[in-house]
Amino acid sequence: MSFHLYDERTGQQTEFIPLRPGEVSIYHCGLTVQSAPHLGHIRKEVVFDVLRRWLSAQGYDVTVVANITDIDDKILAKSADQGLEWYELAYAMELELHRAYAALGCQPPNYEPRATGHISEMIELTQTLIERGHAYPAEDGSGDVYFDVRSWPDYGELSNQRIDDMAPAADADPRGKRDPRDFALWKGSKPNEPATASWPSPWGRGRPGWHLECSAMSLKYLGSEFDIHGGGLDLRFPHHENELAQSRAAGHGFAKYWMHNAFVTMAGEKMSKSLGNGTVVTEVTQQYPARAVRLYLLGPHYRSAIEFSPTSLAEATAQLDRIDSFLGRAGASGQVDFELAQLPGDFVEAMDDDLGTPAAVAVLFDTIKQGNRALDAADRASADQALTQVRAMLHTLGLDPHDPVWAGSAGDDLTSAVDGLVALVLEQRSQARARKDWATADAIRDQLAAIGLTIEDTADGVRWSL
RNA sequence: GGUGGGUUGGCCGAGAGGCGAGGCAACGGACUGCAAAUCCGUGUACACCGGUUCAAAUCCGGUACCCACCUCCA
């Protein structure tokens, strides 16, 4: 079996066949940088990071582009409230996003274009759409340019809706639109908006509409046609539907496959900026190990909702302990020298089945059990084989503690110094144990526990961990 | 009104016609100076009502409740 994915456009699971042999191009919608990312946002990053790792593991040369929307209504409104320039807020939040990527072990995209850096590309694309009869400047002199949804017969194909069934746009005021469902490609600047937030165009000063950005930037960096377009489920409509219509109407093949991840929910409801129920990534990573958070996000399938709960995060932390305890017992060290052949067949099958991380994680734990059994039986060869498999799986999921992406969490210099200090103390304790002075031995263990060091006596000697 | 998803054991969470995914918690046992870790064992779950089938958590029909999108949202 080869990689199969659920393609949102057709509603079917299909075999993944790249447009160009050996290469995969992925575009997923980044954030509108108006506030610090919450767990739901970072779930998308983790999902697409694993997708990228999985395709890379199979030898594909993977290119990932994720945009940064650094100008929009909300950014203008929020920055005004906070007394900041819009670009100050946008950049500060972009840095927050990067911190969150790094915190959860996500590799940054190959390119991360900002909307404001691609105004001329967007103007060109808008002009093409006007020339082709799919867009028109607003008839009310606002300087807006709209996409004419009625001019594109396939409009609605991604979200499986018919134009006439769609609820009319909430703003009943159609402004200069021919149909209330027409959407803005270009927004004429308004008198109350800062001068720095508008750019010259054939239709007067203004700024691009949100949907247009992704069409223009994917075209620039990935070409007229690319493999996979991803994003959160809430982008399916209207954002992705609109992107698809625009790009196709402009003569581009656009995305071959569409993947959407489900939400992180809070008391059953979607975590979102507008509901204000989001849990900011940095708050979570302060309370739980970052790798446990990542494991928690990969536990359920990417198309299932994840309910946020401290209990689940605590369970993920316990799972991580189980993993790390095995790695410690089996003597894992250094970076993984990964080969696809090291992965168990069931794991490969799970990942090929639409990125089935739940089944993949189950294989991981099965293998850990086998490895532990082998260690109990002093079967070093089997234990080593299990260790190799476990580390290959962890590497694929981005969970290997020795992966460079986690390097920031413990400096090597510090680790070796602590190592030496702990060894000194443990030497005292083992002397006490040798003379059966259990009180002293236990007191040392308790004191180390009080500062966060766990001591375990094993057949192979004493092991400690933070 | 349109479109899509969900309801699984104490908890989380997979699966999608027939062998109890996996984890957490709990209980019993092995090991251990004690602890920890580890291993072994213990569970008769699939919202409700009908139907199809030798066999249904899984398929079909219906009911209830929940969620998402159709407005900025990962």
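Since the model is a prediction, treat every value here as computed from it, not as a measurement. In what follows, chains are A, B, ... by sequence order, proteins preceding strands, each numbered from 1.
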Student: For Arg150(A), which residues count as a salt bridge (Lys or Arg N to Asp or Glu O under 4.0 Å) partner, sequence neighbours excluded?
Tutor: Asp164(A), Asp179(A)

Student: Is the shortest side-chain N to carboxylate O distance from Glu241(A) to Arg236(A) below 4.0 Å?
Tutor: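 So Glu241(A) does not pair with Arg236(A) through a salt bridge.
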
Student: Identify whether any heavy atom of Ser159(A) sits under 4.0 Å from a base atom; if not, whether one sits that close to sugar-phosphate; answer base, sugar-phosphate or nothing.
Tutor: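 If one applies the 4.0 Å heavy-atom cut-off, Ser159(A) turns out to touch the sugar-phosphate alone, with no base involved.
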
Student: Report the C-alpha distance between His118(A) and Tyr221(A) in whole Å, list the side-chain angles of each, state the deciding distance to 0.1 Å, and finish with yes or no for ring-ring contact (aromatic ring centres under 6.0 Å, His included).
Tutor: CA-CA 11 Å; His118(A) 298 77; Tyr221(A) 295 103; 5.5 Å; yes

Student: Leu185(A) versus Gln246(A): any side-chain heavy-atom pair under 4.5 Å?
Tutor: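 Answer yes - side chains close enough.
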
Student: Using the P atom in both, what is the distance from rA25(B) to rA68(B), to the nearest Å?
Tutor: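 Going atom to atom, P in each nucleotide, I get 32 Å.
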
Student: If you look only at pairs with a residue in residues 358-372 of chain A, which of them pass as a salt bridge (charged side-chain N to carboxylate O under 4.0 Å, His left out), with sequence neighbours excluded?
Tutor: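 Pairs touching residues 358-372 of chain A that pass the test: none.
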
Student: Please list every donor-acceptor pair under 3.5 Å in which a side-chain atom of residues 26-39 of chain A meets a protein atom from a residue at least two apart or in another chain.
Tutor:
unit_1	atom_1	unit_2	atom_2	d
Tyr27(A)	OH	Asn67(A)	OD1	3.3
His28(A)	ND1	Lys44(A)	NZ	3.1
Gln34(A)	OE1	Lys78(A)	NZ	3.0

Student: Whole-Å distance between rU32(B) P and Glu456(A) CD?
Tutor: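 After rounding, the reported distance stands at 17 Å.
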
Student: Taking atom P of rC31(B) as reference, at what distance in whole Å does atom CG of Asp376(A) sit?
Tutor: 13 Å

Student: More 5' along RNA chain B: Arg162(A) or Arg463(A), using each one's nearest nucleotide?
Tutor: Arg162(A)

Student: Kindly state which residues belonging to residues 88-101 of chain A come within less than 4.0 angstrom of RNA chain B, counting heavy atoms of the residue only, listed by number.
Tutor: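 Contacting residues: none.
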
Student: Both Ile368(A) and Leu31(A) contact RNA chain B. Taking the nearest nucleotide for each, which residue is further toward the 5' end?
Tutor: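 Whichever sits nearer the 5' end wins; that is Ile368(A).
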
Student: Using a distance-only test with no angle check, is there a side-chain donor-acceptor pair under 3.5 angstrom linking Ser215(A) and Ser247(A)?
Tutor: yes

Student: Go through rG23(B), rU38(B), rA36(B) for me and flag the one nearest to the Ser325(A) side chain.
Tutor: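 Nearest to the side-chain atoms of Ser325(A), counting from C-beta on, is rU38(B).
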
Student: Let's go through Arg391(A) and Asp400(A) carefully: what are the C-alpha distance in whole Å and the side-chain angles of both, what is the deciding distance for salt bridge (charged side-chain N to carboxylate O under 4.0 Å, His left out) to 0.1 Å, and is it a yes or a no?
Tutor: CA-CA 6 Å; Arg391(A) 295 204 67 197; Asp400(A) 191 280; 3.0 Å; yes

Student: Please list, chain by chain and in numerical order, all residues satisfying side-chain hydrogen bond (donor to acceptor under 3.5 Å, both in side chains) with Asn160(A), sequence neighbours excluded.
Tutor: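 For Asn160(A), no residue satisfies side-chain hydrogen bond (donor to acceptor under 3.5 Å, both in side chains) once neighbours in sequence are set aside.
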
Student: So Val264(A), base contact, sugar-phosphate only, or nothing? Heavy-atom distance under 4.0 Å.
Tutor: base

Student: So, Asp384(A) and Arg380(A), do they make that salt bridge, N to O below 4.0 Å?
Tutor: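 Yes, Asp384(A) and Arg380(A) are salt-bridged.
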
Student: Compare side-chain N and O positions of Arg181(A) against OP1 and OP2 of rU71(B) and report whether any pair is under 4.0 Å apart.
Tutor: no

Student: Using a 4.0 Å heavy-atom cut-off across all strands, classify Arg373(A) as base, sugar-phosphate, or nothing.
Tutor: sugar-phosphate

Student: Which residues pass the side-chain hydrogen bond (donor to acceptor under 3.5 Å, both in side chains) test with Thr265(A), not counting sequence neighbours?
Tutor: Glu307(A)

Student: Could you check how far CH2 of Trp258(A) sits from C1' of rG4(B), rounded to whole Å?
Tutor: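 The answer, rounded to whole Å, is 17 Å.
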
Student: If I take atom CE in residue Met393(A) and atom P in nucleotide rG23(B), what distance separates them, rounded to the nearest angstrom?
Tutor: 13 Å

Student: If the condition is ring-ring contact (aromatic ring centres under 6.0 Å, His included), which residues does Trp258(A) pass it with, not counting sequence neighbours?
Tutor: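 Trp258(A): ring-ring contact (aromatic ring centres under 6.0 Å, His included) contacts with His229(A), His240(A), Phe254(A).
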
Student: Going by distance alone, is a donor N or O of one side chain under 3.5 Å from an acceptor N or O of the other, for Asp144(A) and Tyr146(A)?
Tutor: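 Present: a donor and an acceptor within the cut-off.
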
Student: Let's test your reading of the pairing rules: Watson-Crick or G-U wobble, both distances under 3.5 Å, then write RNA chain B as a dot-bracket string with ( ), [ ], | and dots.
Tutor: (((((((..(((.....[...))).(((((.......)))))....(((((..]....))))))))))))....

Student: If we take the C1' atom in both rG22(B) and rG43(B), what is their distance in whole Å?
Tutor: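 Their C1' atoms lie roughly 15 Å apart.
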
Student: What residues form a side-chain contact (heavy atoms from CB on, under 4.5 Å) with Thr10(A), not counting sequence neighbours?
Tutor: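 Checked Thr10(A) against side-chain contact (heavy atoms from CB on, under 4.5 Å); matches are Asp7(A), Gln12(A).
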
Student: How far, in whole Å, is rC12(B) from rG50(B) if one measures between their P atoms?
Tutor: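 Approximately 28 Å lies between the P atom of rG50(B) and that of rC12(B).
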
Student: Across the strands shown, which category fits Asp164(A) at heavy-atom distances under 4.0 angstrom: base, sugar-phosphate, nothing?
Tutor: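 No contact at all - Asp164(A) keeps every heavy atom at 4.0 Å or more from the nucleic acid.
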
Student: Check step by step if side-chain hydrogen bond (donor to acceptor under 3.5 Å, both in side chains) holds for Thr396(A) and Trp54(A).
Tutor: CA-CA 6 Å; Thr396(A) 305; Trp54(A) 183 234; over 6 Å; no

Student: When the C1' atoms of rA35(B) and rA74(B) are compared, how many Å lie between them, rounded to an integer?
Tutor: 45 Å

Student: Gly30(A) near the nucleic acid: base, sugar-phosphate alone, or nothing, with a heavy-atom cut-off under 4.0 Å?
Tutor: sugar-phosphate

Student: Using a 4.0 Å cut-off on protein heavy atoms (strictly under), produce a 5'-to-3' string for nucleotides 63-69 of chain B with B for base contact, S for backbone-only sugar-phosphate contact, and - for none.
Tutor: ----SSS

Student: Do any of residues 433-447 of chain A sit with a heavy atom less than 4.0 Å from RNA chain B, and if so which?
Tutor: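 Going residue by residue through residues 433-447 of chain A, the ones with a heavy atom under 4.0 Å of RNA chain B turn out to be Arg433(A), Trp438(A), Asp442(A), Arg445(A).
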
Student: OP1 or OP2 of rU3(B) sitting under 4.0 Å from any side-chain N/O of Asn160(A)?
Tutor: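 False: Asn160(A) side-chain N/O out of range (4.0 Å or more) of rU3(B) OP1/OP2.
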
Student: What string of B, S and - do you get for nucleotides 12-18 of chain B, 5' to 3', when a contact is any protein heavy atom under 4.0 Å?
Tutor: SSS----

Student: Would you indicate, yes or no, if rC39(B) has its OP1 or OP2 atom less than 4.0 angstrom from a side-chain nitrogen or oxygen of Asn372(A)?
Tutor: yes

Student: Taking the C1' atom in each of rU53(B) and rG10(B), what is the distance between them to the nearest angstrom?
Tutor: 34 Å

Student: Pair Arg373(A), Asp376(A) - check salt bridge (charged side-chain N to carboxylate O under 4.0 Å, His left out), show working.
Tutor: CA-CA 5 Å; Arg373(A) 239 182 250 152; Asp376(A) 284 355; over 6 Å; no

Student: Using whole Å, report how far CZ of Phe365(A) lies from C1' of rG22(B).
Tutor: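 The distance from CZ of Phe365(A) to C1' of rG22(B) comes to 8 Å, rounded to the nearest Å.
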
Student: Just checking Ala314(A): base, sugar-phosphate only, or nothing, at a heavy-atom cut-off of under 4.0 Å?
Tutor: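 Result for Ala314(A) = nothing.
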
Student: Please walk me through it: do Thr285(A) and Thr282(A) pass side-chain hydrogen bond (donor to acceptor under 3.5 Å, both in side chains)?
Tutor: CA-CA 5 Å; Thr285(A) 51; Thr282(A) 47; 5.7 Å; no

Student: When you compare the side chain of Met259(A) with that of Tyr6(A), does any pair of heavy atoms fall below 4.5 Å?
Tutor: no

Student: Roughly how far apart, to the nearest Å, are rC66(B) and rC24(B) at atom C1'?
Tutor: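 That atom pair is separated by 25 Å.
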
Student: Where the side chain of His41(A) is defined as all heavy atoms beyond and including C-beta, which of rU38(B), rA74(B), rC72(B) is the nearest nucleotide?
Tutor: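 Out of rU38(B), rA74(B), rC72(B), the nucleotide with an atom closest to His41(A)'s side chain is rA74(B).
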
Student: Expressed as a whole number of angstroms, how long is the span from Met259(A):CE to rG4(B):P?
Tutor: 20 Å

